[in-house]
Student: 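Could you have a look at this structure, given as structure tokens, before my questions?
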Amino acid sequence: MSKQSGRGRVVGLPEWDRCAVMGVVNVTPDSFSDGGRWFDTTAAVKHGLQLVAEGADLVDVGGESTRPGASRVDETEELRRVIPVVRGLASEGVVVSVDTMRASVAAQALAAGAALVNDVSGGLADPAMIPAVADSGAPFVVMHWRGFLEGGNVRGVYTDVVAEVVDELHARVEAVLAGGVSPDRIVVDPGLGFSKEADQDLSLLAHLDRLHALGHPLLVAASRKRFLGRVLAGPEGAPPPARERDAATAAVSALAAEAGAWAVRVHEVRATADAVRVARAVEGAREEGDAPGADAPRPAHTATGEPATPDAHRGGHGPSGAEGVR
């Protein structure tokens, strides 16, 4: 099976011929990466359209920061931030994902034209989320989550991070299925950076095959996260600012695409869009090389491009003329 066929199809969304690129629009004043830059509705819609122009296949719109220590916004404020941006992008034909933990925001965003609900809590933060998604028939991203990070509550203790994340995601997916969400509309996300240290994030990236075993398309959201800063800084250096981690993000995007991820979620799109296309081209070349008959001997050709014949290279170099073939 090729990695492309192994990525799976998410019913209700377009089918891309490679790892998809999800661009991020944070309509917040306090996101860790770009808080405040797109807080205005007009600026946020313009930015989302620019991400599409740079290669994003879909755009994830969120109105609440999930960085460690961030305080939650109230429902009214989240709706005020998110719905006009979703409506504006959807009206331009953009495939929109809404990044929210509230069922009311998800429902109104879907009514405004969103096509996907991306809940970092996997339905745990709001008991009404799973029924709302099930009733809508929308695709649903189920992320690994151990609770709100407000106040430094990271709960990042693991004996075997890969096994525990897989087991906890499996339990959450089972709950989502029991709540009525169709299995062909579920995407899983390992939750890089959520209740995890840098070495744990790297372990999860190194074992994406274990997450594929859950049987659902995989979203990898590593963009600009703290673990990349740790990798770039080295053992004793200071991590570079979030916006200086885009090259590292593109590297993870290429690795995730190579590992068969359905999509990657990123802030800076252009480099990742190039990375996943290169990964797909290499994957295609590998598939072509593995095709039946790909290793069969090919007829030699003369310098003029004509197929070699027993007489083509005679002229003093032995019966076969082997020295004339290269």
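The figures here come from the full heavy-atom set of this structure, side chains too, leaving out hydrogens, waters and symmetry mates. The residues of the chain are indexed from 1 along the displayed sequence.
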Student: If we ignore hydrogens and angles and just use 3.5 Å, is the side chain of Arg224 paired with the main-chain N or O of Leu228 as donor and acceptor?
Tutor: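 Pair absent, no side-chain N/O of Arg224 close to backbone of Leu228.
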Student: Examine distances only and state if a side-chain atom of Thr272 and a backbone atom of Val269 form a donor-acceptor pair shorter than 3.5 Å.
Tutor: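 No, because the side chain of Thr272 does not come within donor-acceptor range (under 3.5 Å) of the backbone of Val269.
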Student: How far apart are the closest heavy atoms of Val25 and Gly48, and which atoms are they?
Tutor: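 Heavy atoms only, the tightest pair is CG2-CA, 3.8 Å.
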Student: Please report the interatomic distance CD1(Ile186) to CG(Leu169), rounded to the nearest 0.5 Å.
Tutor: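 If I round to the nearest 0.5 Å, the distance is 11.0 Å.
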Student: Would you call Arg102 and Val73 a side-chain contact if the rule is heavy atoms closer than 4.5 Å?
Tutor: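 When only atoms from C-beta onward are counted, Val73 and Arg102 do touch, with a gap below 4.5 Å.
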Student: Do Val173 and His170 make a side-chain contact, defined as non-hydrogen atoms from C-beta onward lying under 4.5 Å apart?
Tutor: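 In short, these two side chains do not touch, never coming nearer than 4.5 Å.
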Student: Taking all atoms of both residues into account, what is the closest heavy-atom pair of Pro190 and Leu218, and its distance?
Tutor: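 Closest approach of Pro190 to Leu218: CD-CD1, 3.7 Å.
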Student: Would you check, one step at a time, whether the test side chain to side chain donor-acceptor pair (under 3.5 Å) holds for Thr76 with Asp74?
Tutor: CA-CA 6 Å; Thr76 301; Asp74 64 31; 4.6 Å; no
Student: Less than 4.5 Å apart, any side-chain heavy atom of Val220 and any of Leu255?
Tutor: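 Contact flag for Val220/Leu255 side chains = no.
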Student: Report the distance from atom NZ of Lys225 to atom CG of Leu192, rounding to the nearest 0.5 Å.
Tutor: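 Result: 5.5 Å between the selected atoms.
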Student: Keeping Asp184 on the side-chain end and Val11 on the backbone end, is there a donor-acceptor pair under 3.5 Å?
Tutor: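 No, because the side chain of Asp184 does not come within donor-acceptor range (under 3.5 Å) of the backbone of Val11.
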Student: Should Arg81 and Glu78 count as an ion pair when the cut-off is N to O under 4.0 Å?
Tutor: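 Judged by the 4.0 Å cut-off on N to carboxylate O distance, Arg81 and Glu78 do not form a salt bridge.
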Student: Whether the side chain of Asp201 engages the backbone of Gly193 through a donor-acceptor N/O pair (distance < 3.5 Å, no angle test) should be reported.
Tutor: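 Yes, because the side chain of Asp201 sits within donor-acceptor range (under 3.5 Å) of the backbone of Gly193.
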Student: If every non-hydrogen atom of Leu116 is compared with every non-hydrogen atom of Leu110, which pair is closest and at what distance?
Tutor: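 Result for this residue pair: N-CD2, 4.3 Å.
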Student: Once you round to the nearest 0.5 Å, how far does NZ of Lys46 lie from CG of Asp40?
Tutor: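 Output value for this atom pair is 11.0 Å.
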Student: Apply side-chain contact (heavy atoms from CB on, under 4.5 Å) to Val61 and Val98, showing your working.
Tutor: CA-CA 5 Å; Val61 178; Val98 60; 5.6 Å; no
Student: Starting from the C-alpha separation in whole Å, work towards a yes-or-no answer on side-chain contact (heavy atoms from CB on, under 4.5 Å) for Asp119 and Trp145.
Tutor: CA-CA 10 Å; Asp119 180 356; Trp145 190 74; over 6 Å; no
Student: Going by an N to O cut-off under 4.0 Å, is there a salt bridge joining Arg146 and Glu168?
Tutor: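 The answer is yes: the pair qualifies as a salt bridge.
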Student: I would like to know whether Arg18 and Glu283 meet salt bridge (Lys or Arg N to Asp or Glu O under 4.0 Å); could you show each step before the answer?
Tutor: CA-CA 10 Å; Arg18 50 164 169 72; Glu283 182 182 314; over 6 Å; no
Student: Could you go through the salt bridge (Lys or Arg N to Asp or Glu O under 4.0 Å) check for Glu258 and Arg286 one step at a time?
Tutor: CA-CA 11 Å; Glu258 165 64 17; Arg286 183 180 298 115; 3.6 Å; yes
Student: Compare every heavy atom of Gly23 with every heavy atom of Ala56, then report the nearest pair and how far apart it is.
Tutor: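 For Ala56 versus Gly23, the nearest heavy atoms are CB-N, 4.1 Å.
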Student: Say you draw a straight line from CD1 of Ile130 to CG of Asp135; how long is it, rounded to the nearest 0.5 Å?
Tutor: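 That separation rounds to 12.0 Å.
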Student: Which atom names give the shortest non-hydrogen contact between Ala250 and Ala275, and what distance separates them?
Tutor: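 Closest pair (atom of Ala250, atom of Ala275, distance): O-CB, 3.7 Å.
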Student: With a 4.5 Å cut-off on side-chain heavy atoms, are Val252 and Val264 touching?
Tutor: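 No - every pair of side-chain heavy atoms lies 4.5 Å or more apart.
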Student: Does some side-chain heavy atom of Leu211 sit less than 4.5 Å from a side-chain heavy atom of His207?
Tutor: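 In short, these two side chains do not touch, never coming nearer than 4.5 Å.
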Student: Say whether, by atom type as modelled, one donor and one acceptor occur between the side chain of Gln200 and the main chain of Glu197 under 3.5 angstrom.
Tutor: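 Yes, because the side chain of Gln200 sits within donor-acceptor range (under 3.5 Å) of the backbone of Glu197.
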Student: Checking Glu164 side chain against Thr159 main chain: does a donor-acceptor pair fall under 3.5 Å?
Tutor: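 Checking the backbone N and O of Thr159 against the side chain of Glu164, a donor-acceptor pair under 3.5 Å is found.
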Student: How far does CZ of Arg9 sit from CZ of Arg185, to the nearest 0.5 angstrom?
Tutor: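 It comes to 9.0 Å.
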Student: Are any side-chain N or O atoms of His212 and backbone N or O atoms of Ala259, one a donor and one an acceptor, separated by less than 3.5 Å?
Tutor: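 Between the backbone of Ala259 and the side chain of His212 there is a qualifying donor-acceptor contact (under 3.5 Å).
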Student: Flag the pair Glu244 / Leu232 as yes when at least one side-chain heavy-atom distance between them is below 4.5 Å, and no otherwise.
Tutor: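 Answer no - side chains too far apart.
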Student: Check whether any side-chain heavy atom of Asp57 sits under 4.5 Å from a side-chain heavy atom of Pro14, and report yes or no.
Tutor: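 They are not in contact (no side-chain heavy atoms under 4.5 Å apart), so the answer is no.
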Student: Count the heavy atoms belonging to other residues, nucleotides or ligands that lie under 6.0 Å from CZ of Arg230, then report whether that count exceeds 12.
Tutor: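 Incorrect, the count does not exceed 12.
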Student: Please evaluate residues Lys196 and Val165 with respect to the criterion side-chain contact (heavy atoms from CB on, under 4.5 Å), reporting the C-alpha separation (whole Å), side-chain torsions for both, the decisive distance (0.1 Å), and the verdict.
Tutor: CA-CA 10 Å; Lys196 299 170 187 73; Val165 167; 3.8 Å; yes
Student: Quick check: does any side chain N or O of Arg280 sit under 3.5 Å from a backbone N or O of Asp17, one acting as donor and the other as acceptor?
Tutor: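 Yes, the answer is positive, given that a donor and an acceptor are paired below the 3.5 Å cut-off.
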Student: Look at the side chain of Arg245 and the backbone N and O of Pro240, then say whether any donor-acceptor pair between them is shorter than 3.5 Å.
Tutor: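 Pair found, side chain donor or acceptor close to backbone of Pro240.
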Student: Looking at Asp189 and Arg172, is there a salt bridge between them, counting it only when a charged N and a carboxylate O are closer than 4.0 Å?
Tutor: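 Result for this pair is no, no salt bridge flagged.
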Student: Would you name the heavy atoms of Val45 and Leu89 that are closest together and state the gap between them?
Tutor: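 Scanning both residues completely, I find the closest heavy atoms to be O-CD2, 3.4 Å.
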Student: Looking only at the side chains, is there a donor atom on one of Asn26 and Thr28 sitting less than 3.5 Å from an acceptor on the other?
Tutor: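 Side chains of Asn26 and Thr28: no pair found under 3.5 Å.
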Student: Let's go through Phe227 and Leu204 carefully: what are the C-alpha distance in whole Å and the side-chain angles of both, what is the deciding distance for side-chain contact (heavy atoms from CB on, under 4.5 Å) to 0.1 Å, and is it a yes or a no?
Tutor: CA-CA 12 Å; Phe227 81 95; Leu204 287 165; over 6 Å; no
Student: Check whether any side-chain heavy atom of Cys19 lies under 4.5 Å from a side-chain heavy atom of Arg7, and answer yes or no.
Tutor: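 Cys19 reaches Arg7 side chain to side chain.
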Student: For the atom pair OG (Ser121) and CE (Met101), what is the distance rounded to the nearest 0.5 Å?
Tutor: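 Rounded to the nearest 0.5 Å, the OG-CE separation comes out at 6.0 Å.
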Student: Between the main-chain N or O of Ala106 and the side-chain N or O of Thr100, is there a donor-acceptor pair closer than 3.5 Å?
Tutor: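 No: the side chain of Thr100 does not pair with the backbone of Ala106.
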